[in-house]
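On a predicted model such as this, the values are computed, not experimentally measured, just so you know. Keep in mind that the numbers below use all heavy atoms, side chains included, and drop hydrogens, waters and symmetry copies.
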Amino acid sequence: MTIATVVLLFLFSVMSTFSYAELKLIDEAALLVEQAKKDPDTVASVKALAASGDPAGENKLGLFHLQGVGMPKNPSEAFHWFEMSANHGYASAMSNLAGLYFKGVGANQDYPRAFEWYTKAASKEYIPAMYLLGSMYFLGLGTARDYQLAAYWTRKAAEQGFADAQNNLAVLYGEGKGLPKDHLKATEWLRKAANQQHPASLLTLGSIYANGLGVKRSFVVAYALYTVAAVKDKLNAQFYLYTISQGMSKEEINSAITLSKEMLIKDNFLIALDHFTSSKNQ
């Protein structure tokens, strides 16, 4: 399989990562969960808040039941508390409730209901829900497929700095679905997501450099980007690294490793990338 084939396959499959994104987003209160594991009083205070009808407390208690923090895991109870909070107008709970419907956790799988609750959460400007609503429109789950609305909601989340949405907006520009096909804008949004170390964007951007698609071809830059991606997605990145390394010298690989280390310095990703590419273009 050539690198050109790899990048096309990756671009056309990236939207299928929807279920992974949902599992990640449902644990939005990861810091709170970690705190609760260390401090039992956190669980007690959240229970008291939920019992008083506080929407934030209800949502947090739902997360605790889902994660099994301070109590056995109980998806049905998680569903109950997310639903209570959602009916009180809490956007995060609306999105979490949609996630349970989408996955069939704590309730029967129901894409239309998932779509309904993502729509409600997105209407409250809840960023993860905007992104996931865009994904449902793209995939035609729980609603008719609509690329224009997929692009609309994906863009709204992307403009708020949500890396998954930035990656998917790049895909929409690259495929010309819901938006005019524009490889320059696709690359621009990939850069934004890659700057947040989004693995899929790093791999795709690396393949763009490997193939010279709108940029000067550079195996060194591609290898460096794949190396950065490996920090969060080692399994997929290893395939890309092995493929491209077959056409590189040891000196080029060492140069790429050095560049990747510079990219991994906080707030230095785009600085390192642009400095390296501009110096090679002179």
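At distances below 3.5 Å, at least one donor-acceptor pair connects side-chain atoms of Asp146 with backbone N or O atoms of Leu149. At least one donor-acceptor pair under 3.5 Å links the side chain of Ser45 to the backbone N or O of Thr42. No donor-acceptor pair under 3.5 Å is formed between the side chain of Gln197 and the backbone N or O of Val231. Looking only at distances, no side-chain donor or acceptor of Ser95 sits under 3.5 Å from a matching main-chain atom of Ser92. Checked by atom type and distance alone, the side chain of Ser85 never pairs as donor or acceptor with a backbone atom of Phe82 at under 3.5 Å. For Arg145 (side chain) and Leu139 (main-chain N/O), a donor-acceptor pair under 3.5 Å exists by modelled atom type. Side chain of Ser260 to main chain of Ile257: a donor-acceptor pair is present (N/O by atom type, distance under 3.5 Å, no hydrogens or angles).
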Worksheet entry | Residues Gln166, Glu159; criterion side-chain hydrogen bond (donor to acceptor under 3.5 Å, both in side chains); working and verdict | CA-CA 8 Å; Gln166 291 172 338; Glu159 289 175 343; over 6 Å; no
Item to complete: For side-chain hydrogen bond (donor to acceptor under 3.5 Å, both in side chains), just list the numbers for Asp233 and Asn236, CA-CA rounded to whole Å, side-chain angles, deciding distance to a tenth of an Å, and then say yes or no.
Response: CA-CA 6 Å; Asp233 189 3; Asn236 281 317; 2.9 Å; yes
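The heavy-atom pair separating Asn108 from Tyr101 by the smallest distance is O-CD2, 3.9 Å. Ile244 and Ala222 make their closest contact through CD1-CB, 3.3 Å (heavy atoms, listed as atom of the first residue, atom of the second, distance).
With sequence neighbours left out, Lys156 forms a side-chain contact (heavy atoms from CB on, under 4.5 Å) with Glu125, Met130, Tyr152, Trp153. Qualifying side chain to side chain donor-acceptor pair (under 3.5 Å) partners for Asn74, counting only residues two or more places apart in sequence or in other chains: none. Under the ring-ring contact (aromatic ring centres under 6.0 Å, His included) criterion, Tyr111 pairs with Phe102, not counting sequence neighbours. By the side-chain contact (heavy atoms from CB on, under 4.5 Å) test, Ala56 pairs with Asp54, Tyr90, sequence neighbours left out. Under the side chain to side chain donor-acceptor pair (under 3.5 Å) criterion, Tyr173 pairs with Arg155, sequence neighbours left out.
For the pair Leu273/Tyr209, a side-chain contact is recorded, criterion being any heavy-atom separation below 4.5 Å from C-beta on. His198 is listed as a side-chain neighbour of Asp164, based on a closest heavy-atom distance under 4.5 Å. Side-chain contact between Met71 and Lys47: present, with at least one pair of heavy atoms (C-beta onward) separated by less than 4.5 Å. Residues Leu225 and Met263 meet the side-chain proximity criterion, which asks for heavy atoms closer than 4.5 Å. Counting heavy atoms from C-beta outward, Ile271 and Asn268 have side chains that approach closer than 4.5 Å.
Ser218 and Tyr223 form no side-chain donor-acceptor contact under 3.5 Å, judged by distance and modelled atom types alone. A donor-acceptor contact closer than 3.5 angstrom links the side chains of His88 and Glu58. If you check the side chains of Asn167 and Ser201, you find a donor sitting under 3.5 Å from an acceptor.
Applying the salt bridge (charged side-chain N to carboxylate O under 4.0 Å, His left out) test to pairs two or more places apart or on separate chains, none has a residue in residues 237-266.
A salt bridge between Asp274 and Arg191 is present, with a side-chain N of the basic residue lying under 4.0 Å from a carboxylate O of the acidic one. A salt bridge links Arg113 with Glu116: at least one charged nitrogen is closer than 4.0 Å to a carboxylate oxygen.
Screening Phe115, Tyr147, Tyr131 for a ring-ring contact (aromatic ring centres under 6.0 Å, His included) with Tyr137, the sole residue that qualifies is Phe115.
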